[in-house]
Amino acid sequence: AEEILRVKLGNKASKAASRVAAEGIVGIYIAADAKLGAIIEVNCETDFVAKNDDFLAFTKALAELVAKHNPADVAALSGLTLGGATVEATRTALVGKIGENMSIRRFVRIDAKGKLTSYVHGGSKIGVLLDVDGGDEALAKDLAMHIAASKPKALSKEGVPAQDVERERSIAAQKAAESGKPAEIVAKMVEGTVQKYLKEVTLLGQPFVKDDKLTVEQLLGQRGARVARFELYVVGEGIERK
């Protein structure tokens, strides 16, 4: 069956493969007990195809495969069986049927320490998979919506990439140096700017969207809960569109 697909659809699929696929959707799967889940981004060329039922079903099935089989990477996922054929053969057939390039970009599987919840927004263009230990379902949903809206880079300052911190420090140092103030004042200005940045880009440091008098960390403390992990996907983020 795979050979027939390659003969019939190979040319069409290979031509499509060179075209940029920066649209698409985020797919999320959570097991019935909310202890296992996965989030995946699958891309296509146009928003029209991102709403296609076959494309939506393909993405949903892939998220479940990731959760249940824990593939190491996209290549391993592509080799798994889906509906009697490999994922790659199924993808190629879908490209041939719809006529657009499609690609599996990234995915993450989570074994929850607490319970998983999810939130998708904007026609599945933004997706959040969140592991919350403690609290209730309403709190978890509020936190997932907060993440989608505020787009933190990391859970806490320890998770912010070092290169991002150094970039902000460098920019702050250049700005502070122009003030003409004494070196010790400049150093404090730089450190203050970096700490402000870390609060803005970390989930625990951000003001809660429903009550900006509270940080998310303070909210969690009040509710006796903690965020073990979160994953935020924004479709096409970082892909250069032509």
Side-chain angles (χ1 to χ4, degrees), residues 20-31 34-78 80 82 87 91 94 100-132 140-156 159-161 163-164 200-204 206 209 216 227-241:
V20 175
E23 297 296 334
I25 61 168
V26 176
I28 295 175
Y29 170 83
I30 297 177
K35 300 296 284 186
L36 174 67
I39 182 170
I40 190 168
E41 179 184 350
V42 183
N43 299 119
C44 55
E45 294 177 49
T46 65
D47 189 50
F48 178 76
V49 167
K51 297 171 183 174
N52 176 280
D53 287 342
D54 290 337
F55 182 76
L56 293 170
F58 179 61
T59 303
K60 182 179 178 182
L62 291 182
E64 186 171 350
L65 277 179
V66 168
K68 292 182 176 179
H69 295 276
N70 195 21
D73 51 27
V74 171
L77 173 59
S78 297
L80 294 177
L82 177 63
V87 167
R91 185 197 68 84
L94 203 54
E100 276 197 16
N101 188 21
M102 298 174 194
S103 60
I104 302 165
R105 186 183 184 196
R106 53 181 174 165
F107 59 80
V108 171
R109 177 183 185 268
I110 296 181
D111 280 305
K113 290 181 171 61
K115 284 192 171 183
L116 293 173
T117 193
S118 66
Y119 177 70
V120 292
H121 181 74
S124 298
K125 300 298 182 186
I126 300 172
V128 176
L129 184 59
L130 174 68
D131 179 3
V132 181
K141 186 62 72 175
D142 280 347
L143 289 170
M145 292 174 69
H146 170 100
I147 292 166
S150 300
K151 298 180 178 61
K153 289 178 177 287
L155 176 59
S156 63
V160 180
Q163 63 267 28
D164 290 358
E200 289 171 351
V201 301
T202 56
L203 176 60
L204 296 181
Q206 290 177 339
V209 289
V216 171
V227 173
R229 180 177 180 181
F230 76 87
E231 294 293 336
L232 166 67
Y233 279 5
V234 179
V235 169
E237 188 175 39
I239 297 176
E240 186 177 347
R241 289 168 167 81

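- Remark: Leu77 CG to Arg91 CZ distance equals 11.5 Å, nearest 0.5 Å.
- Here the CG-CG distance, from Leu203 to Leu130, works out to 7.5 Å after rounding to the nearest 0.5 Å.
- Separation of atoms CD1 (Ile126) and CE (Met145) is listed at 11.5 Å; rounding is to 0.5 Å.
- Put simply, the side chain of Val108 reaches to within 4.5 Å of the side chain of Arg229, judged on heavy atoms.
- A distance-only check finds a donor-acceptor pair linking the side chain of Gln206 to the backbone of Glu200 [under 3.5 Å].
- Within a 6.0 Å sphere centred on NZ of Lys141, heavy atoms belonging to other residues, nucleotides or ligands number more than 12.
- The shortest distance between side-chain heavy atoms of Glu23 and Val49 does not fall below 4.5 Å.
- More than 12 heavy atoms of other residues, nucleotides or ligands sit less than 6.0 Å from atom NZ of Lys125.
- For the pair Gly24 and Ala50, the tightest heavy-atom approach, listed with the atom from each and the gap, is O-CB, 3.8 Å.
- Minimum interatomic distance between Val87 and Leu65 (heavy atoms only, all atoms of both residues): CG2-CD1, 3.6 Å.
- What you find for Ala63 and Ile40 is that their closest heavy atoms are CB-CG2, 3.9 Å.
- Of the candidates Leu143, Asp142, Thr202, Leu143 is the only one forming a side-chain contact (heavy atoms from CB on, under 4.5 Å) with Val216.
- Between the side chain of Glu41 and the backbone N or O of Val235 there is no donor-acceptor pair closer than 3.5 Å.
- No donor-acceptor distance shorter than 3.5 angstrom exists from the side chain of Asp131 to the backbone of Leu116, with no hydrogens or angles considered.
- Lys35 NZ to Asp111 CG: the interatomic distance, rounded to the nearest 0.5 Å, is 9.5 Å.
- Here the closest heavy-atom approach between residue Arg105 and residue Val74 is recorded as O-CG2, 3.9 Å.
- One distance of note links CZ of Arg109 with CG of Asn70; it measures 4.0 Å at 0.5 Å rounding.
- Nearest heavy-atom pair, Lys68 versus Tyr29, reported as atom, atom and distance to 0.1 Å: CE-OH, 3.5 Å.
- Nearest approach of Val209 to Ser150, heavy atoms of both residues: CG1-OG, 3.4 Å.
- Glu100 has its side chain out of reach of Asn52: every pair of non-hydrogen atoms, C-beta onward, lies at least 4.5 Å apart.
- Rounded to the nearest 0.5 angstrom, Tyr119 OH and Ile147 CD1 are separated by 12.0 Å.
- Put simply, the side chain of Val120 reaches to within 4.5 Å of the side chain of Ile28, judged on heavy atoms.
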